[in-house]
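This report refers to the structure that appears directly beneath it.
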Amino acid sequence: MRIIRKTTSAALQSILRVIPFIFMLTMLILHLILPDKTFSEDEMRYLTQWPAFRVERILDGNYKTKVETYFSDQFPFRNFWVHIKKGCSRSANFA
């Protein structure tokens, strides 16, 4: 009986270790497949597009900042995650 529980527990731990990797890989693939959005109706603003490459921007660090902004604006299912964050913030304020 103990052997069965140990193997079941080990298999469950192995699965739980792989889930974050699968999630990150899925989000990467979705980011590459889905087209970039230009406007967010929920936020009523234009979303950042991929920045033009310039050597000056790389040297002063501005390019890195623009790429980070692009990835945060173009994250797959971004509106879903924003709504989740708003819901969590509301529930934390009520607690």
Side-chain angles (χ1 to χ4, degrees):
M1 188 74 164
R2 286 184 168 227
I3 296 173
I4 294 173
R5 285 187 185 173
K6 284 184 180 179
T7 56
T8 305
S9 177
L12 183 62
Q13 286 178 354
S14 298
I15 291 171
L16 290 176
R17 287 182 185 139
V18 173
I19 288 175
F21 175 73
I22 292 172
F23 176 76
M24 289 187 292
L25 184 64
T26 303
M27 295 306 280
L28 172 67
I29 291 169
L30 286 173
H31 181 74
L32 295 173
I33 292 174
L34 295 174
D36 290 347
K37 296 194 174 21
T38 54
F39 188 76
S40 171
E41 293 180 15
D42 291 343
E43 298 173 286
M44 297 302 293
R45 71 175 183 95
Y46 287 96
L47 300 174
T48 306
Q49 300 302 304
W50 186 259
F53 178 81
R54 293 195 180 136
V55 176
E56 303 87 33
R57 288 185 181 169
I58 290 177
L59 294 176
D60 69 4
N62 192 9
Y63 191 74
K64 176 186 167 202
T65 305
K66 291 188 180 287
V67 170
E68 287 174 356
T69 305
Y70 165 78
F71 279 115
S72 67
D73 274 0
Q74 300 297 335
F75 197 79
F77 307 114
R78 183 175 185 276
N79 290 339
F80 169 76
W81 299 110
V82 168
H83 289 294
I84 293 291
K85 187 214 177 273
K86 285 181 183 177
C88 290
S89 296
R90 283 188 200 135
S91 61
N93 287 339
F94 288 121

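Only this structure's heavy atoms are used, side chains among them; waters, hydrogens and symmetry mates stay out.
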(message) Minimum heavy-atom separation for Asp42 and Asn79, please, with both atom names.
(response) OD2-CG, 3.4 Å
(message) Assigning hydrophobic clusters by single linkage (Ile, Leu, Val, Met, Phe, Trp, Tyr; side-chain heavy-atom cutoff under 4.5 Å), is Phe53 placed with Trp50?
(response) yes
(request) State which residues pass salt bridge (charged side-chain N to carboxylate O under 4.0 Å, His left out) with Arg54; sequence neighbours excluded, sorted by chain then number. (result) none
Got a list of side-chain donor-acceptor pairs under 3.5 Å for residues 28-39, not counting sequence neighbours?
unit_1: His31; atom_1: ND1; unit_2: Gln74; atom_2: O; d: 3.4
unit_1: Asp36; atom_1: OD1; unit_2: Tyr70; atom_2: OH; d: 3.0
unit_1: Asp36; atom_1: OD2; unit_2: Tyr70; atom_2: OH; d: 2.9

(request) Could you list the residues that satisfy side-chain hydrogen bond (donor to acceptor under 3.5 Å, both in side chains) with Glu43, not counting sequence neighbours? (result) Ser40, Arg78
(request) Starting from Ile22, walk the hydrophobic network (Ile, Leu, Val, Met, Phe, Trp, Tyr; side-chain heavy atoms closer than 4.5 Å) and list everyone else you reach, by chain and number. (result) Val18
(message) Rounded at 0.5 Å granularity, tell me how far CE in Met27 sits from CZ in Phe75.
(response) 3.5 Å
(message) Please list all pairs meeting salt bridge (Lys or Arg N to Asp or Glu O under 4.0 Å) that have one or both residues in residues 11-22, counting only residues at least two apart or in different chains.
(response) none
(message) Tell me whether Tyr63 shares a hydrophobic cluster with Phe71, the cluster being built from Ile, Leu, Val, Met, Phe, Trp, Tyr side chains joined at under 4.5 Å.
(response) yes
(message) How about CD on Glu41, more than 12 heavy atoms from neighbouring residues, nucleotides or ligands closer than 6.0 Å, or not?
(response) no
(message) Is there a path of hydrophobic side-chain contacts, each under 4.5 Å between heavy atoms of I/L/V/M/F/W/Y residues, joining Met44 to Val82?
(response) no
(request) Of all the heavy-atom pairs spanning Pro51 and Arg57, show the shortest one and how long it is. (result) CB-NH1, 4.3 Å
(message) I'd like to know if the side chain of Asp73 reaches the main chain of Thr48, judged simply by a donor and an acceptor atom lying under 3.5 Å from each other, with no hydrogens or angles considered.
(response) yes
(request) Could you list who else is in Ile19's hydrophobic cluster, with ILVMFWY side chains joined at under 4.5 Å, directly or through other members? (result) Leu12, Ile15, Leu16
